[in-house]
Number of protein chains: 2
Amino acid sequence: MSELLVKQDAPMDAYRQLFDGILSQRLAPGTKLNEVELTLLFGVSRTLIRQALQRLQLEQVVEIHKNRGAFVAAPSPDLAQQILLARHTIELAVVNLACERCTAGDVEKLQHMINLEQSAIDQGDMATALRRSGEFHLQLAIVARNQPFVHALRGLISQTSLIITMYSHGGGNACARDEHSLLLAAVSAGDQHRAQQQMAHHLGHIAAGCDFTQSPQVANLKGAFAHLS
Amino acid sequence: MSELLVKQDAPMDAYRQLFDGILSQRLAPGTKLNEVELTLLFGVSRTLIRQALQRLQLEQVVEIHKNRGAFVAAPSPDLAQQILLARHTIELAVVNLACERCTAGDVEKLQHMINLEQSAIDQGDMATALRRSGEFHLQLAIVARNQPFVHALRGLISQTSLIITMYSHGGGNACARDEHSLLLAAVSAGDQHRAQQQMAHHLGHIAAGCDFTQSPQVANLKGAFAHLS
DNA sequence: GTACATAATATTGTATACAATATAATTGAA
DNA sequence: TTCAATTATATTGTATACAATATTATGTAC
């Protein structure tokens, strides 16, 4: 009976593996995503690989250059700031709605996600923590019951992960748990003003932890040097 | 020499034809989009048709049901209101940025688009007018110089067209030209407060022109009845 | 005639084959 | 050696072939 639950959705799997790889920082910004390599890695044909890549492109996590191939996105400093601004706008609206519509069940789920994020931090797994942090924010949009916001935020949160990878200098986001907890407290209390303040403060921290003045460190040379060993 | 300019980007063409068809209301919400039919219409293989359909799906203009096929999206009343709310939030932010960044060239381009929209109205071609109206709003986001907003609005504007097709009862959007002109005046003057007020008023008109209480009129039965004649 | 079961067809899902383009390697000349 | 031109290779773009699923049609029992 359990075998029935292992329904393998091949196209979704390829997409999700790539997505997780990027958000877990195993695939650095700028990395070339060779189609046949991915074929061998995931055991599906190029058709599905290309489907996954196109989807990731439309989420702005991957860039596809005609006849050149797909690359993990590497947002410029200018674009990065556009992304953070857009996120700011949408998340303020989201948290506002969430205050109105958050149920007891929602609070429980959000609290659970905070705990998961914290346990990743405790284990020193910052990549997982970053991914979980993003999932918390996305869950807020789900609680807000606005599908377009969920859709837009999915891309923006993913891109934020790339931005942090590229521009953040260290421990600026260690305080995330407290901030998420404070945010959840305000939301579950239905206090829109305080929730928006918390969200603005939280997103401000992310931006403050980044340095956009120096050119980004695109670490895609790693693979190019690997064959010399 | 002119032949060189006719560089046919096949995948984009298929996408654009479908997109225009939907936004010009030639393809009603709920219409089944048969892949081989589209193959014959556009003269490209199913590969490119499926690419275009996937892209339209990610813009939420098309729904794809596994093993069932693709359909022109038909947002429910609930989803429709989520879409209009999201659009409201983003367009207010956009118009705010546009006030700060609008150049003389931008004003000229926006004015030109208003004129195009008006000429379509004058000719009684409301489908084209609706499409041009959407292009004006999208151009505002371009003027705002925020790529994520452009990206999100592209989908939201397209979906709004579907919503108007499904739920709007007639001449509610005839006043569009005046409103766009007033909006442009405020933006080019850099008057953020007035521009936001105009935008809110304008989007309010769209929502006011719709009736979400009665169930939507999905006109995809037309084809089903055609063979009886 | 209706309802169900079964077979035929149509449609979508995935993999592969071929074409077009870009990248890398090789050769030759200055 | 260095640069350019050319060939060879690798990679992406598109079309087609086959597999899996859904839809429709047919037939039979009641």
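In what follows, every chain begins at residue 1, and chains take the letters A, B, ... in the order their sequences are listed.
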Among the nucleotides D:dT12, D:dA15, C:dT12, whichever has the atom closest to the side chain of B:L48 is D:dA15
When rounded to whole Å, the CZ to P distance for the pair A:R50 and C:dG13 reads 18 Å
note: A:D9, atom CG; C:dT12, atom C1'; distance rounded to Å ~ 14 Å
Ignoring hydrogens and angles, state whether a donor on the side chain of B:E100 or B:N96 is under 3.5 Å from an acceptor on the partner side chain. no
Taken to the nearest whole Å, CG/A:D13 to C1'/C:dG13 is 15 Å
When you measure from the side-chain N and O atoms of B:N67 to the phosphate of C:dT12, is any distance below 4.0 Å, counting only OP1 and OP2?
no
Test your reading of the model: is there a side-chain donor-acceptor pair from A:S133 to the backbone of A:A129, 3.5 Å cut-off?
no
- Would you say D:dT12 has OP1 or OP2 under 4.0 Å from some side-chain N or O of A:R68? no
Respond yes when some side-chain nitrogen or oxygen of B:K32 is under 4.0 Å from OP1 or OP2 of C:dA10, and no when none is.
no
Of the candidates D:dT14, C:dT14, C:dA22, the side chain of A:R46 sits closest to D:dT14
Among the nucleotides C:dG13, D:dT14, C:dT14, whichever has the atom closest to the side chain of B:E35 is C:dG13
Among the nucleotides D:dT14, C:dA15, D:dT12, whichever has the atom closest to the side chain of A:T47 is C:dA15
ask   = Checking A:R145 side chain against A:R101 main chain: does a donor-acceptor pair fall under 3.5 Å?
value = yes
Discussion item. Using 30° and 60° as the class boundaries, would you call the ring planes of B:F136 and B:H180 parallel, tilted or perpendicular?
Written reply: parallel
Taking C:dA15, C:dT14, D:dT11 as options, the one with an atom nearest any side-chain atom of A:V44 is C:dA15
Is a donor on one side and an acceptor on the other found under 3.5 Å between the side chain of B:S45 and the backbone of B:T47? yes
From CZ of A:F42 across to C1' of C:dT14 the rounded distance in Å is 17 Å
### Message
Tell me whether the side-chain N/O atoms of A:S45 come closer than 4.0 Å to OP1 or OP2 in C:dA15.
### Response
yes
Comparing nearest nucleotides in DNA chain C, the 5'-proximal residue of the pair B:N34, A:Q51 is B:N34
A:E37 CD to D:dA10 P, in whole Å, measures 13 Å
Rounded to whole Å, the CG-C1' distance (A:L53 to D:dT11) equals 13 Å
In whole angstroms, the gap separating P of D:dT11 from NE2 of A:H65 amounts to 17 Å
Practice item. Would you tell me if any nitrogen or oxygen in the side chain of B:K66 comes within less than 4.0 Å of OP1 or OP2 on C:dT11? Key: no
Here the distance between atom C1' of C:dT11 and atom CD1 of B:I64, to the nearest Å, is 14 Å
